[in-house]
Novice: 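Below you'll find the structure I mean.
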Amino acid sequence: MLKSSLALAAAALTAFAPIAAIAQDAEAQTAAQPIYQPINYNLQEDPENILFLDLSNGERVGIRLMPSWAPNHVERIKTLSRQGFYDGVIFHRVIDGFMAQTGDPTGTGQGGSELPDLEEEFNPMPHVRGTVAMARAASEDSANSQFFVVFYPRFSLDRKYTNFGRVISNMDAVDAINRGEPPANPTRILQASLASDNKPVPAPMPAAAPAVMEEEVTLDDLNASNEN
């Protein structure tokens, strides 16, 4: 009787083994799939993942950083922002109907930070209006410090550039960034900071002094006699 019971138990375990293996494979596959969190548009929540850009046009732009989309790129943006790397940097490439690019301290589009380039973190999140993505050179693993904000949807960029965030406040200020490659009068980032650091809005840049217009000298002025 005992032998029969043991035989039945062994048979049952053998029967359940494939089912258990399938379940384990399914769990492993689920764990391997990244989970892309939805965007939180509330400026009062998760301030560690909100980037503020204070622009020279007098406006503050709020960007939601998405670590679940591109953790290494988000960490790079946080690191450089806290270093003050972006403060004073211009938007050097601004194409109407496309995007505004910044993050190069040289203002030429050829510069970056001293940190190593990042490996790509392409993801399925679409490049819609307000998307913030990392710029790069020809190599997929060449992103460093430059990033761009998309004015209108550009789905041709999907899975080719690392999408790491979205403008969640004051997209109108992004629309107002001066156009050009580079612009004649470029818009600057006065300060890039994380909401969790509670940095105040910086003082606006002083307006350029108006040029002094010299009075035009006429022939009559030259021929006029000096009267003392």
Side-chain angles (χ1 to χ4, degrees), residues 39-66 73-74 76-113 127-135 144-154 161 163-213:
I39 297 166
N40 183 349
Y41 287 87
N42 191 333
L43 285 171
Q44 306 307 314
E45 295 179 359
D46 191 16
E48 177 63 18
N49 286 307
I50 294 177
L51 175 70
F52 284 137
L53 298 182
D54 293 301
L55 306 182
S56 57
N57 60 17
E59 300 289 341
R60 168 170 274 193
V61 176
I63 296 170
R64 173 66 67 186
L65 303 176
M66 301 299 296
H73 286 69
V74 167
R76 172 62 55 86
I77 293 294
K78 290 181 179 181
T79 297
L80 293 178
S81 295
R82 284 184 163 134
Q83 289 178 355
F85 176 87
Y86 292 116
D87 299 355
V89 174
I90 69 169
F91 283 86
H92 64 271
R93 183 170 180 248
V94 187
I95 303 174
D96 197 31
F98 183 18
M99 58 88 208
Q101 185 171 332
T102 185
D104 173 13
T106 71
T108 64
Q110 303 300 313
S113 75
H127 285 71
V128 297
R129 173 172 164 80
T131 285
V132 187
M134 214 70 169
N144 186 285
S145 65
Q146 296 188 40
F147 61 91
F148 60 89
V149 185
V150 178
F151 293 128
Y152 294 103
R154 283 294 180 112
Y161 293 84
N163 182 342
F164 67 86
R166 182 83 57 81
V167 173
I168 60 171
S169 174
N170 206 1
M171 185 64 191
D172 288 345
V174 177
D175 291 333
I177 292 173
N178 293 336
R179 271 55 169 172
E181 298 184 68
N185 181 27
T187 303
R188 293 181 179 272
I189 299 174
L190 297 185
Q191 176 180 270
S193 65
L194 297 176
S196 55
D197 292 342
N198 295 311
K199 286 192 174 182
V201 176
M205 293 181 65
V212 177
M213 300 297 293

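This chain uses plain numbering: 1 for the first residue, then up along the sequence.
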Novice: Decide if atom OH of Tyr41 counts as having more than 12 heavy atoms of other residues, nucleotides or ligands within a radius under 6.0 Å.
Specialist: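 Yes, the 6.0 Å shell around OH holds more than 12 heavy atoms from other groups.
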Novice: Go through the structure and list residues passing side chain to side chain donor-acceptor pair (under 3.5 Å) with Asn170, not counting sequence neighbours.
Specialist: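 So Asn170 forms a side chain to side chain donor-acceptor pair (under 3.5 Å) with Glu59.
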Novice: Can you pull out every side chain to side chain donor-acceptor pair (under 3.5 Å) where at least one residue sits in residues 87-99? Sequence neighbours excluded, please.
Specialist: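 Counting only pairs at least two positions apart or across chains, the side chain to side chain donor-acceptor pair (under 3.5 Å) contacts touching residues 87-99 are His92-Gln146, Arg93-Gln101, Arg93-Glu181, Asp96-Arg179.
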Novice: Can you list the residues that meet the salt bridge (charged side-chain N to carboxylate O under 4.0 Å, His left out) rule with Arg82, with sequence neighbours excluded?
Specialist: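 Only Glu48, Asp197 meet the salt bridge (charged side-chain N to carboxylate O under 4.0 Å, His left out) criterion with Arg82.
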Novice: Only counting residues at least two apart or in another chain, list the ones meeting side chain to side chain contact (heavy atoms under 4.5 Å, CB included) with Asn42.
Specialist: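 Asn42 satisfies side chain to side chain contact (heavy atoms under 4.5 Å, CB included) with Asn40, Gln44, Glu45 once adjacent residues are dropped.
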Novice: Go through the structure and list residues passing side chain to side chain donor-acceptor pair (under 3.5 Å) with Gln83, not counting sequence neighbours.
Specialist: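 If we apply the side chain to side chain donor-acceptor pair (under 3.5 Å) test to Gln83, skipping adjacent residues, there are no hits.
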Novice: Could you walk me through whether Leu65 and His73 pass side chain to side chain contact (heavy atoms under 4.5 Å, CB included), step by step?
Specialist: CA-CA 9 Å; Leu65 303 176; His73 286 69; over 6 Å; no
Novice: Working to the nearest 0.5 angstrom, can you tell me the gap between Ser81 OG and Ile63 CD1?
Specialist: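 So the gap between those two atoms works out to 9.0 Å.
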Novice: For the residue pair Leu80 and Ser113, what are the closest heavy atoms and their distance?
Specialist: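 Heavy atoms only, the tightest pair is CD2-CB, 3.8 Å.
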Novice: How far apart are the closest heavy atoms of Val61 and Ala173, and which atoms are they?
Specialist: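 Val61 and Ala173 have their closest heavy atoms at CG2-CB, 3.8 Å.
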Novice: Quick check: do Thr102 and Phe147 have side-chain heavy atoms less than 4.5 Å from each other?
Specialist: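 They are in contact (side-chain heavy atoms under 4.5 Å apart), so the answer is yes.
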Novice: Test side chain to side chain contact (heavy atoms under 4.5 Å, CB included) on Asn178 and Val94; report intermediate values, then the result.
Specialist: CA-CA 7 Å; Asn178 293 336; Val94 187; over 6 Å; no
Novice: What pair of heavy atoms forms the shortest contact from Phe52 to Gly62, and how long is it?
Specialist: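 Scanning both residues completely, I find the closest heavy atoms to be CD2-CA, 3.9 Å.
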Novice: With sequence neighbours excluded, tell me which residues meet side chain to side chain contact (heavy atoms under 4.5 Å, CB included) with Pro186.
Specialist: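 Applying side chain to side chain contact (heavy atoms under 4.5 Å, CB included) to Pro186 gives Ile90, Pro183.
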Novice: Working to the nearest 0.5 Å, report the span between CD1 of Ile95 and CZ of Phe148.
Specialist: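 Answer for the CD1-CZ pair, Ile95 versus Phe148, is 10.5 Å.
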Novice: According to salt bridge (charged side-chain N to carboxylate O under 4.0 Å, His left out), who are the partners of Arg64, at least two apart in sequence or on a separate chain?
Specialist: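 For Arg64, the residues satisfying salt bridge (charged side-chain N to carboxylate O under 4.0 Å, His left out) (neighbours in sequence not counted) are Asp46.
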Novice: If you look only at pairs with a residue in residues 144-154, which of them pass as a salt bridge (charged side-chain N to carboxylate O under 4.0 Å, His left out), with sequence neighbours excluded?
Specialist: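 Listed by first then second residue: nothing to list.
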Novice: Considering only residues two or more places apart or on different chains, which pairs with a residue in residues 165-177 satisfy salt bridge (charged side-chain N to carboxylate O under 4.0 Å, His left out)?
Specialist: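 Applying salt bridge (charged side-chain N to carboxylate O under 4.0 Å, His left out) to every pair that reaches into residues 165-177, excluding sequence neighbours, yields Arg129-Asp175.
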Novice: Can you check whether His127 reaches Met99 side chain to side chain, under 4.5 Å on heavy atoms?
Specialist: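 Side chain of His127 against side chain of Met99, heavy atoms only: no contact under 4.5 Å found.
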Novice: For Phe85 and Gly103, which heavy atoms make the closest approach, and how far apart are they?
Specialist: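 Looking at all heavy atoms of both residues, the shortest contact is CE2-O, 3.5 Å.
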Novice: Determine whether Tyr86 and Ile77 make a side-chain contact, defined as any pair of heavy atoms from C-beta on separated by less than 4.5 Å.
Specialist: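 Tyr86 vs Ile77: side chains touch.
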Novice: Measure the CG-CD1 distance between Asn57 and Ile177 for me, rounded to the nearest 0.5 Å.
Specialist: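 With rounding to 0.5 Å, CG (Asn57) is 7.0 Å from CD1 (Ile177).
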Novice: List for me each residue that meets ring-ring contact (aromatic ring centres under 6.0 Å, His included) alongside Phe91, sequence neighbours excluded, and say none if there are none.
Specialist: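 Phe91 satisfies ring-ring contact (aromatic ring centres under 6.0 Å, His included) with no residue once adjacent residues are dropped.
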Novice: List the atom pairs, donor and acceptor, that lie under 3.5 Å between side-chain atoms in residues 188-195 and the rest of the protein, sequence neighbours left out.
Specialist:
| from | atom 1 | to | atom 2 | distance (Å) |
| --- | --- | --- | --- | --- |
| Arg188 | NH1 | Gly88 | O | 2.7 |
| Gln191 | NE2 | Asp54 | OD2 | 3.2 |
| Gln191 | NE2 | Pro200 | O | 3.1 |

Novice: Where do Ser145 and Gly112 come nearest, in terms of heavy atoms and distance?
Specialist: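 Minimum heavy-atom separation between Ser145 and Gly112: OG-CA, 3.3 Å.
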Novice: Side chain to side chain contact (heavy atoms under 4.5 Å, CB included) between Met66 and Asn163: does it pass, once the steps are laid out?
Specialist: CA-CA 9 Å; Met66 301 299 296; Asn163 182 342; over 6 Å; no
